[in-house]
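A, B, ... follow the sequence lines: proteins, then strands. Residue 1 opens every chain.
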Number of protein chains: 2
Amino acid sequence: MTTFKLNSTAASLLGFLHERPMAGWDLLETAQQRIGNFWSLTQSQVYRELAAMAEAGLIEAGERGRRERQPYTLTEAGRAAFQDWLRQEPGPETIRIPLLLTMAFGSHLPPDRLAAILEHQRTRHSERLRSYEQRQSAIPPAYREANPAAVATLDLGIAYERAFINWLDQLPASIRGGDAAA
Amino acid sequence: MTTFKLNSTAASLLGFLHERPMAGWDLLETAQQRIGNFWSLTQSQVYRELAAMAEAGLIEAGERGRRERQPYTLTEAGRAAFQDWLRQEPGPETIRIPLLLTMAFGSHLPPDRLAAILEHQRTRHSERLRSYEQRQSAIPPAYREANPAAVATLDLGIAYERAFINWLDQLPASIRGGDAAA
DNA sequence: TGGTACATGTAACATGTTACATGATTAG
DNA sequence: CTAATCATGTAACATGTTACATGTACCA
């Protein structure tokens, strides 16, 4: 009964299994769509966690379907472990921003190279913002009302991207470049 | 000559070694102060990377000083590897926000529990914002002018925390709670 | 002289990443 | 019939985390 020690990735898989039995493949797709935005996971991890959780009795393998598809069902123990995990105070963010490392060591870089990097980042973040905004506008009102908290996660992504782009734009001209060229 | 494949953590240590020879202990302190904000590392990692880089000839151990202190010096190969790394396009952020997982599965949580979690997070982020702001106001103008890019990293932290708190405050009352009690 | 901060190092394990091998099914 | 997509699984390795063992020097 000592509830199995879940990591966040495994717990998320259990979360999705509340909706219906799914195989690794479905779970990966689902996770990437629904939480991939702020929680990355790979195919390898999914199969590893599924195997471990099946071993621990949190989920049960059903009969193989088409294409060797291996569906898993939540067990009572799995539900309990998930509830346990979900009620914990969420841990601290892990935020690792390679660009900031580059900037921290910016004095070892020629100004124009740093400026080029910043320009490139601006493009990438603008694109991401645009894609988030599109996704946001595509959310059906019914889903929004049924899952307000889940929908709100996208809002934070948008707020982050806007803050990031705004920060880039406010950077002193001395590091953003454009000065030197003129 | 095939330049050693550096990870960002190891590269950062090389970055700090440009300033002066340092031992693991100093490097850990320095890194936590200067990049800890957006790049976490542990004592274990520092010693591991130092050992690997010494092995690869990127740094050289000097004579032990007081308290078994083991200083390392950059080699030419180390400088080259660092320059190589620094010029790369910085990779994508790793952002993992456990709170958003909790929210994504918020429908499995009693509303008051979710509201309590959000409240708690608000406190933590406010404190962090305050500490960042204090650090920002304590930066000597001379340092700011000499290292504008390094200083700007703190600005992004502040922008992020403000965006986060603002997002929390804009969350619909239905999930923030305060409704039910009234 | 005893506690605390300094300092290094290792062991064990958890998590994340990349690459590959294998086979099933479908669409053209 | 064959290329593409679906689907699972494993191996090898990189990185990150936690805990512990050891010893040094300072300072109250």
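- One atom, NZ of B/Lys5, and another, P of D/dA14, lie 9 Å apart when rounded to the nearest Å.
- Apart from B/Trp25 itself, the hydrophobic cluster it occupies contains B/Tyr47, where clustering links Ile, Leu, Val, Met, Phe, Trp and Tyr at side-chain heavy-atom distances under 4.5 Å.
- In this structure, B/Tyr160 has its ring center no closer than 6.0 Å to that of A/Phe164.
- Non-hydrogen atoms lying under 4.0 Å from DNA chain D are contributed by A/Ala23, A/Gly24, A/Trp25, all within residues 17-27 of chain A.
- The side-chain hydrogen bond (donor to acceptor under 3.5 Å, both in side chains) test applied to B/Gln136 returns B/Asp155, not counting sequence neighbours.
- Each side-chain hydrogen bond (donor to acceptor under 3.5 Å, both in side chains) pair with one or both residues in residues 143-153 of chain A, not counting sequence neighbours, would appear here, but there are none.
- Distances shown here put every side-chain N or O of B/Tyr47 at or beyond 4.0 Å from the OP1 or OP2 atom of C/dG9.
- The side-chain hydrogen bond (donor to acceptor under 3.5 Å, both in side chains) analysis of residues 26-37 of chain B, with sequence neighbours excluded, yields the pairs B/Glu19-B/Arg34, B/Asp26-B/Arg69, B/Asn37-B/Tyr132.
- Taking the nucleotide of DNA chain C with the nearest heavy atom to each of B/Ala51 and B/Glu29, the more 5' of the two is matched to B/Glu29.
- For A/Arg64, a side-chain nitrogen or oxygen approaches OP1 or OP2 of D/dG9 to under 4.0 Å.
- Every residue was checked against the side-chain hydrogen bond (donor to acceptor under 3.5 Å, both in side chains) condition with B/His108, not counting sequence neighbours, and none meets it.
- Applying the side-chain hydrogen bond (donor to acceptor under 3.5 Å, both in side chains) test to B/Asn7 and every residue at least two apart in sequence or in another chain returns B/Glu49.
- Summary of the strand contacts: B/Gln70 and B/Thr94 both lie near DNA chain C, and taking for each the nucleotide with the nearest heavy atom, the more 5' one is attributed to B/Gln70.
- For A/Thr73, there are no side-chain hydrogen bond (donor to acceptor under 3.5 Å, both in side chains) partners, not counting sequence neighbours.
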| message | So if I define the base as every atom that isn't primed, P, OP1 or OP2, how would nucleotides 19-24 of chain D read as a B/S/- string at a heavy-atom cutoff under 4.0 Å? | response | B----B

